[in-house]
> 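Please see the structure below; I have some questions.
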Amino acid sequence: MRVSHIYSAAPVLLLMVFFAITGVYLNHPEFDEGSVTSEQREVALPAWADGDWDEAGPPAPMVLKLLHWLDDEHQISGIDFTVEYDEFDSVLIIDMAGPDGTTLVEMFFEEQTVLVDQRELSLLATLNNLHRAKHVTGFWLYLSDFSAICMLIFCISGFWLIAVNKLERAQASIALLTGCVLFIFTAVVLH
């Protein structure tokens, strides 16, 4: 159990520190997270993006090609995105979000222009979004799951080490019971 206790925490030590620090900031929204930087710009649509399609808007392969173009040529990308076509104004609206901010892209096919509105979050706000797994990739989700399993092994093996240590058992049991009572009281009575 001692080996499990040590080596379950070792690979995720930095993640435990990260979750602890960002957890404090999430519990206190009054702390200043920094300012949001905003940038608006206009770029020209590529020549291959013509508007010869029906009222439903551009077909899905064209939208994917436009997303790749935005990423390759203008470094505009996001983890989560929605695509909407406004047939009245002939505008394709792409709303992208990542842990570090959001980007709204409006493609006007008749004018052959693209309006880009990027909002970049501060470092602290980005770290808080990572803590909550908001707009993150699958890799971050798997890493969070891995760290949760390691933390669970760390806690269970620590509990076992307290239970078998006769010299420290009394003081450790008092600390354990105090923490459990405080948690149950807070969860049940003060929720």
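Keep in mind that this is a model prediction, so the values were computed, not measured. Excluded from the calculations below are hydrogen atoms, water molecules and symmetry mates; all remaining heavy atoms, backbone and side chain alike, are included.
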> Roughly how far, to the nearest 0.5 Å, is CG of L130 from CH2 of W140?
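Rounded to the nearest 0.5 Å, the CH2-CG separation comes to 5.0 Å.
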> Let me check something: do L14 and M151 share a hydrophobic cluster, defined by ILVMFWY side-chain heavy atoms less than 4.5 Å apart, either directly or through other members?
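The answer is no; the residues belong to distinct hydrophobic clusters.
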> Can you hop from F159 to F183 via hydrophobic side chains spaced under 4.5 Å?
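The answer is no; the residues belong to distinct hydrophobic clusters.
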> Show which side-chain atoms of residues 67-82 pair as donor or acceptor with protein atoms under 3.5 Å away, not counting sequence neighbours.
residue	atom	partner	partner atom	Å
Q75	NE2	D72	O	3.3
D80	OD2	H135	ND1	2.7

> Please list, one pair per line, the donor and acceptor atoms closer than 3.5 Å that link side chains of residues 167-176 to other protein atoms, with sequence neighbours excluded.
residue	atom	partner	partner atom	Å
R169	NE	A163	O	2.8
R169	NH2	A163	O	3.0
S173	OG	R169	O	2.7

> Tell me every residue that passes side-chain hydrogen bond (donor to acceptor under 3.5 Å, both in side chains) with R41, counting only those two or more places apart in sequence or in another chain.
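Per chain and number, R41 pairs via side-chain hydrogen bond (donor to acceptor under 3.5 Å, both in side chains) with Q118.
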> Kindly compute the distance separating CD1 (I153) from CD1 (I149), expressed to the nearest 0.5 Å.
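I153 CD1 to I149 CD1: 7.0 Å, rounded to 0.5 Å.
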> For the atom pair OH (Y85) and CE (M107), what is the distance rounded to the nearest 0.5 Å?
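Between atom OH of Y85 and atom CE of M107 there are 12.5 Å.
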> For N129, which residues count as a side-chain contact (heavy atoms from CB on, under 4.5 Å) partner, sequence neighbours excluded?
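Per chain and number, N129 pairs via side-chain contact (heavy atoms from CB on, under 4.5 Å) with P99, L121, R132, K134.
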> Between F154 and L152, is there shared hydrophobic-cluster membership here, with clusters defined by ILVMFWY side-chain heavy atoms closer than 4.5 Å?
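F154 does not cluster with L152.
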> Who else is in the cluster with Y7 when I, L, V, M, F, W and Y are joined by side-chain contacts under 4.5 Å?
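Once heavy-atom contacts under 4.5 Å are chained together, Y7 belongs with V3, I6.
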> Kindly give the heavy-atom pair with the smallest separation between T103 and V105, and that separation in Å.
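T103 and V105 have their closest heavy atoms at CG2-CG2, 3.8 Å.
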> Please list, chain by chain and in numerical order, all residues satisfying salt bridge (Lys or Arg N to Asp or Glu O under 4.0 Å) with R119, sequence neighbours excluded.
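By the salt bridge (Lys or Arg N to Asp or Glu O under 4.0 Å) rule, R119 matches D117.
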> What residues join L177 in its hydrophobic cluster, counting side-chain heavy atom gaps under 4.5 Å, either direct or through other members?
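Result for L177 is none, singleton.
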> With a 4.5 Å cut-off on side-chain heavy-atom distances among I, L, V, M, F, W and Y, is there a chain of contacts connecting M62 to L64?
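As far as the 4.5 Å side-chain criterion goes, L64 and M62 are connected within one cluster.
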> Let me confirm one number: the OG-CD1 distance from S157 to I162, rounded to the nearest 0.5 Å.
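With rounding to 0.5 Å, OG (S157) is 10.0 Å from CD1 (I162).
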> Please name all residues satisfying side-chain contact (heavy atoms from CB on, under 4.5 Å) with L141, sequence neighbours left out, ordered by chain then number.
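Listed in chain order: A133, V136.
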> Please list, chain by chain and in numerical order, all residues satisfying side-chain hydrogen bond (donor to acceptor under 3.5 Å, both in side chains) with T102, sequence neighbours excluded.
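Listed in chain order: nothing, the list is empty.
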> Are L104 and L92 co-members of a hydrophobic cluster defined by side-chain heavy atoms under 4.5 Å apart?
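Different clusters: L92 never reaches L104 through Ile, Leu, Val, Met, Phe, Trp or Tyr contacts under 4.5 Å.
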> For T22, check side-chain hydrogen bond (donor to acceptor under 3.5 Å, both in side chains) against everything at least two apart and list the hits.
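Scan of T22 (side-chain hydrogen bond (donor to acceptor under 3.5 Å, both in side chains), adjacent residues dropped) gives H131.
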> Could you identify which residues cluster with V164, counting Ile, Leu, Val, Met, Phe, Trp and Tyr as linked when any side-chain heavy atoms lie under 4.5 Å apart, either directly or through a chain of such contacts?
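Once heavy-atom contacts under 4.5 Å are chained together, V164 belongs with M1, W160, L161.
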> Once you round to the nearest 0.5 Å, how far does OG of S147 lie from CZ of F19?
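Between S147 OG and F19 CZ, I get 4.5 Å after rounding to 0.5 Å.
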> Mind checking what makes side-chain contact (heavy atoms from CB on, under 4.5 Å) contact with F31, not counting sequence neighbours?
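Per chain and number, F31 pairs via side-chain contact (heavy atoms from CB on, under 4.5 Å) with V24, Y25, H28.
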> In Å, rounded to the nearest 0.5 Å, how long is the span from CD of E39 to OG1 of T37?
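Answer rounded to 0.5 Å: 8.0 Å.
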